[in-house]
> 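Mind looking over this structure? Questions follow.
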Amino acid sequence: MFGSKKSDSKVASYSSVTSPSEVEPLVSLSSSSTDKEHNLRRLKGYQWWAYFVTFGAYFMAHFSRKCYSTVKPQLKTEAGLDQNVLSEMDSVFMFTYAIGSFISGRLGDTYRPSTIIAIGLLGSGICLFAMLIGILFDFEGMSNAFGNFFYLATYFVFGFFQSTGGPVGTAIMGNWFCDNESHKNRGLIFGTWTCHQYLGDIVAAIVTAVILHFKIVYWWALVIPAVCNLGWGFLCMHGLTPDPQELGIDTTYLNDKNKAKPKPKTIAGFEEESKPIGFMEALMIPNVAGYAFAFGFFKLTNYVLFFWLPYFLSLHFDAATANLVSTLYSFGMMPGGIIVGKVSDIFGGRRACVIACFQVLLVPLLWLFAVTSDDLPMWAMMVILCCMGILIGGPNNILTSAVAADLSEHPSKSLGTITGIINGSGSITAAAGLLIVGPLTRQYGWSSVWYFMMFLTVCGTGLMGPKILKELRGEDVDEDTAGLKGKNGEKGYQSDVKV
């Protein structure tokens with residue numbers, strides 16, 4: 001091959017880390033220090049763009065999702081939608097979003113991830129425009145049955161499109177932030193990245209408030225996010241490269257952990273393309289099932305507060321004050337993910353232990369609300385709710401991002417599937433658990449809801465027990481981050497450490 005044995009050996013070595021389409025005249029091995037620095041420089045140069053575009057994609061998803069929620073009163077009074085229909089739209093959305101999370105994660109691992117995100121954003125924009133058509137042509141006035149069916153069907157589809165942002169965006173982030181430095185700071189990187197959803201919610205509330213304040217027609221609160229979603233969808237489709245390999249960047253030697261993995265099989269001297277794993281294979285990865293079930297309990301706690309906190313506060317304050325106080329919970333969730341991510345990085349990637357500590361701190365706050373919420377002064381309630389946001393938001397954010405990235409390091413092309421499993425399982429548990437809140441409040445009062453959330457917190461933490469014990473024993477620790485040494489005194493992995 002190419003005329004000599006020496007050339008043959010070079011080709012074999014080069015092709016083991018390069019796809020067939022990238023084979024060029026050989027001048028040096030890809031693993032050399034010069035090529036490594038070149039690849040690292042190119043990787044770092046694109047990381048900020050991948051971060052920005054994927055951050056914006058999920059920001060747009062929440063922007064469109066929240067804007068609908070902020071004009072519910074107008075949809076009821078002016079568009080003629082019944083309150084029961086609005087409630088059914090929420091339930092339909094949660095159901096399709098949960099199922100869609102499983103499907104989207106798998107699609108992101110099978111097909112081009114940036115295309116999947118783009119389809120989600122474009123579809124979301126189209127769904128919002130479809131709702132606008134229903135409003136402008138007064139479908140409810142034409143036929144109540146047809147109008148109800150139209151809006152429910154539109155939101156049914158909307159849930160599937162919205163589910164693409166989390167799993168697929170996380171997979172793209174995992175593809176680009178794969179070097180040693182990014183690996184060591186994964187918690188902080190994903191902790192800041194997951195602020196996208198809360199910023200989207202906040203901007204949606206501000207946009208709607210401005211529209212209503214200046215007495216602009218309310219449906220502009222649907223038009224603006226629809227246009228933004230369509231625009232960002234085109235950006236993702238044509239301006240986002242989902243994997244460094246598409247730009248010819250070889251990441252094999254940019255992360256020490258790759259050296260401990262078995263090399264992929266080669267065919268005719270070329271690396272065989274890795275295939276995405278299935279759902280059952282993903283569930284068999286250590287700790288995936290435990291995290292998925294645990295996240296269900298944590299997400300249910302979050303959703304109980306997200307959906308019911310404004311109503312609970314309205315029993316103690318006027319409507320304006322209740323909304324003001326409830327926003328502190330959302331504001332607290334933003335730094336929560338950053339804190340959990342950074343602290344877990346400092347302690348060698350022991351994310352389960354850090355999450356457990358946050359949950360232990362949350363329980364007494366929930367108990368305090370159960371016992372004294374009727375008598376708490378407003379300033380104390382505001383402080384406690386902000387702390388709750390930090391303690392609940394931190395674990396929720398990290399579980400669907402940094403933890404999923406940790407778990408996906410075993411097989412390749414699994415990050416989207418794993419994120420989808422964790423996120424989808426959480427959404428299904430939350431959707432079912434929310435049905436309990438109403439009967440609980442009617443039968444036993446609001447204190448029972450706080451005790452219910454204490455129960456959820458304890459159960460979720462207990463499901464992570466095996467992982468917590470392994471981390472405490474040092475079995476599932478990131479050696480690079482923890483500063484452990486290899487056999488030859490160098491940082492690195494002595495074996496394929498299970499995560």
> For Y58 and T170, what are the C-alpha separation, side-chain angles and deciding distance, and is it a side-chain contact (heavy atoms from CB on, under 4.5 Å)?
CA-CA 10 Å; Y58 209 55; T170 304; over 6 Å; no

> Would you say the side chain of N397 lies within less than 4.5 Å of the side chain of Y198, judging by non-hydrogen atoms?
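They are in contact (side-chain heavy atoms under 4.5 Å apart), so the answer is yes.
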
> Would you say that I390 contacts M333 through its side chain, given a criterion of any heavy-atom pair below 4.5 Å between the two side chains?
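In short, these two side chains do not touch, never coming nearer than 4.5 Å.
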
> Quick one: are L463 and F295 in side-chain contact, heavy atoms under 4.5 Å?
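Not touching, per the 4.5 Å side-chain cut-off.
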
> Would you name the heavy atoms of I339 and F358 that are closest together and state the gap between them?
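Of all heavy-atom pairs spanning I339 and F358, the closest is CG2-CZ, 3.7 Å.
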
> Of all heavy-atom pairs between I172 and S114, which one has the smallest distance, and what is that distance?
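Here I172 and S114 meet closest at CD1-N, 3.9 Å.
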
> Starting at NZ of K184, measure out to CD1 of I189 and round the result to the nearest 0.5 Å.
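Taking NZ in K184 and CD1 in I189, the distance rounds to 12.0 Å.
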
> Tell me, do T54 and H196 make a side-chain contact under 4.5 Å, heavy atoms counted?
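Not in contact.
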
> Check whether N185 reaches the backbone of L188 with its side chain - one donor and one acceptor, N or O, closer than 3.5 Å.
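It does not hold such a pair.
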
> Look up atom CE in M237 and atom CZ in R112, then write down how far apart they are to the nearest 0.5 Å.
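M237 atom CE to R112 atom CZ measures 9.0 Å (nearest 0.5 Å).
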
> Only distances under 3.5 Å count here; give the side-chain donor-acceptor pairs of residues 120-127 to other protein atoms, sequence neighbours excluded, each with its distance to 0.1 Å.
residue	atom	partner	partner atom	Å
S124	OG	G120	O	2.8
S124	OG	Q162	NE2	3.0

> Is a side-chain donor or acceptor of N39 paired with a backbone partner of D35 at a separation under 3.5 angstrom?
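Confirmed, N39 side chain pairs with D35 backbone.
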
> Measure the spacing between CG of L456 and CD of Q359 and express it to the nearest 0.5 Å.
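Interatomic distance, L456 CG to Q359 CD, rounded to 0.5 Å: 10.5 Å.
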
> If you round to the nearest 0.5 Å, how far is CD1 of I398 from CZ of F298?
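Rounded to the nearest 0.5 Å, the CZ-CD1 separation comes out at 13.0 Å.
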
> Would a distance-only check, ignoring hydrogens and angles, find a side-chain to backbone donor-acceptor pair under 3.5 Å from N229 to M60?
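It does hold such a pair.
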
> In Å and rounded to the nearest 0.5 Å, what is the CD to CG distance from Q74 to L81?
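Q74 atom CD to L81 atom CG measures 12.0 Å (nearest 0.5 Å).
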
> With rounding to the nearest 0.5 angstrom, report the CG to CG distance, L86 to D90.
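CG of D90 is found 7.5 Å from CG of L86.
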
> Please tabulate, for the side chains in residues 201-228, all donor-acceptor contacts under 3.5 angstrom to protein atoms that are two or more places apart in sequence or on a different chain.
residue	atom	partner	partner atom	Å
D201	OD1	H62	ND1	3.1
T208	OG1	T70	OG1	2.7
T208	OG1	A204	O	2.9

> Is it true that a side-chain atom of S104 and a backbone atom of S101 form a donor plus acceptor pair closer than 3.5 Å?
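Flag not set: sc S104 to bb S101 has no pair under 3.5 Å.
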
> Search all heavy atoms of A98 against all heavy atoms of S427 and return the closest pair with its distance.
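Nearest pair, atom of A98 first, then S427: CB-CB, 3.4 Å.
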
> Hey, is R351 close enough to D345 for a salt bridge, meaning N to O under 4.0 Å?
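Counted as a salt bridge, because a side-chain N and a carboxylate O are separated by less than 4.0 Å.
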
> Using a cut-off of 6.0 Å, state whether more than 12 heavy atoms not belonging to E181 lie near its atom CD.
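No.
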
> Is it the case that more than 12 heavy atoms not belonging to F331 sit under 6.0 Å from its CZ atom?
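It does not: F331 CZ has 12 such atoms or fewer within range.
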
> Side chains of W232 and F59: does their closest heavy-atom pair fall under 4.5 Å?
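No, too far: nothing below the 4.5 Å cut-off.
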
> For the pair T429 and K299, evaluate side-chain contact (heavy atoms from CB on, under 4.5 Å) and give the outcome as yes or no after the intermediate values.
CA-CA 8 Å; T429 304; K299 191 165 188 174; over 6 Å; no

> Can you name the nearest heavy-atom pair linking S401 to T194, along with the distance?
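Closest pair (atom of S401, atom of T194, distance): OG-CG2, 3.7 Å.
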
> Look at the side chain of Y51 and the backbone N and O of W193, then say whether any donor-acceptor pair between them is shorter than 3.5 Å.
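Answer holds: yes.
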
> Give a yes or no on whether the backbone of K467 and the side-chain of N287 come within a donor-acceptor separation of less than 3.5 Å.
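Between the backbone of K467 and the side chain of N287 there is no qualifying donor-acceptor contact (under 3.5 Å).
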
> Closest approach of I117 and C236, non-hydrogen atoms and distance?
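That would be CG2-SG, 3.8 Å.
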
> Could you tell me if the side chain of N148 sits less than 4.5 Å from the side chain of D82, heavy atoms only?
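Counting from C-beta outward, D82 and N148 never come under 4.5 Å.
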
> With a 4.5 Å limit on heavy-atom distance, are the side chains of M89 and F158 in contact?
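Answer no - side chains too far apart.
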
> Taking S163 for the side chain and G100 for the main chain, is one N or O donor matched with an acceptor at less than 3.5 Å?
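Yes, the answer is positive, given that a donor and an acceptor are paired below the 3.5 Å cut-off.
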
> Can a donor-acceptor pair be found, under 3.5 Å and without considering hydrogens, that links the side chain of W49 to the backbone of T241?
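Between the backbone of T241 and the side chain of W49 there is no qualifying donor-acceptor contact (under 3.5 Å).
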
> Is any side-chain heavy atom of M94 closer than 4.5 Å to a side-chain heavy atom of Y97?
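Contact flag for M94/Y97 side chains = no.
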
> Yes or no on side-chain contact (heavy atoms from CB on, under 4.5 Å) for F297 and T457, after CA distance, side-chain angles and deciding distance?
CA-CA 7 Å; F297 288 94; T457 302; over 6 Å; no

> Taking all non-hydrogen atoms of both residues, which atom of G108 and which atom of V168 are closest, and how far apart?
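Scanning both residues, the minimum pair turns out to be CA-CG2, 4.1 Å.
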
> Under the side-chain contact (heavy atoms from CB on, under 4.5 Å) criterion, do Q47 and F177 qualify, and how do the steps go?
CA-CA 7 Å; Q47 280 180 347; F177 289 84; 3.7 Å; yes

> Can you tell me how the ring of Y46 sits relative to the ring of W176, calling it parallel under 30°, perpendicular over 60° and tilted otherwise?
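Rings of Y46 and W176: parallel, under 30°.
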
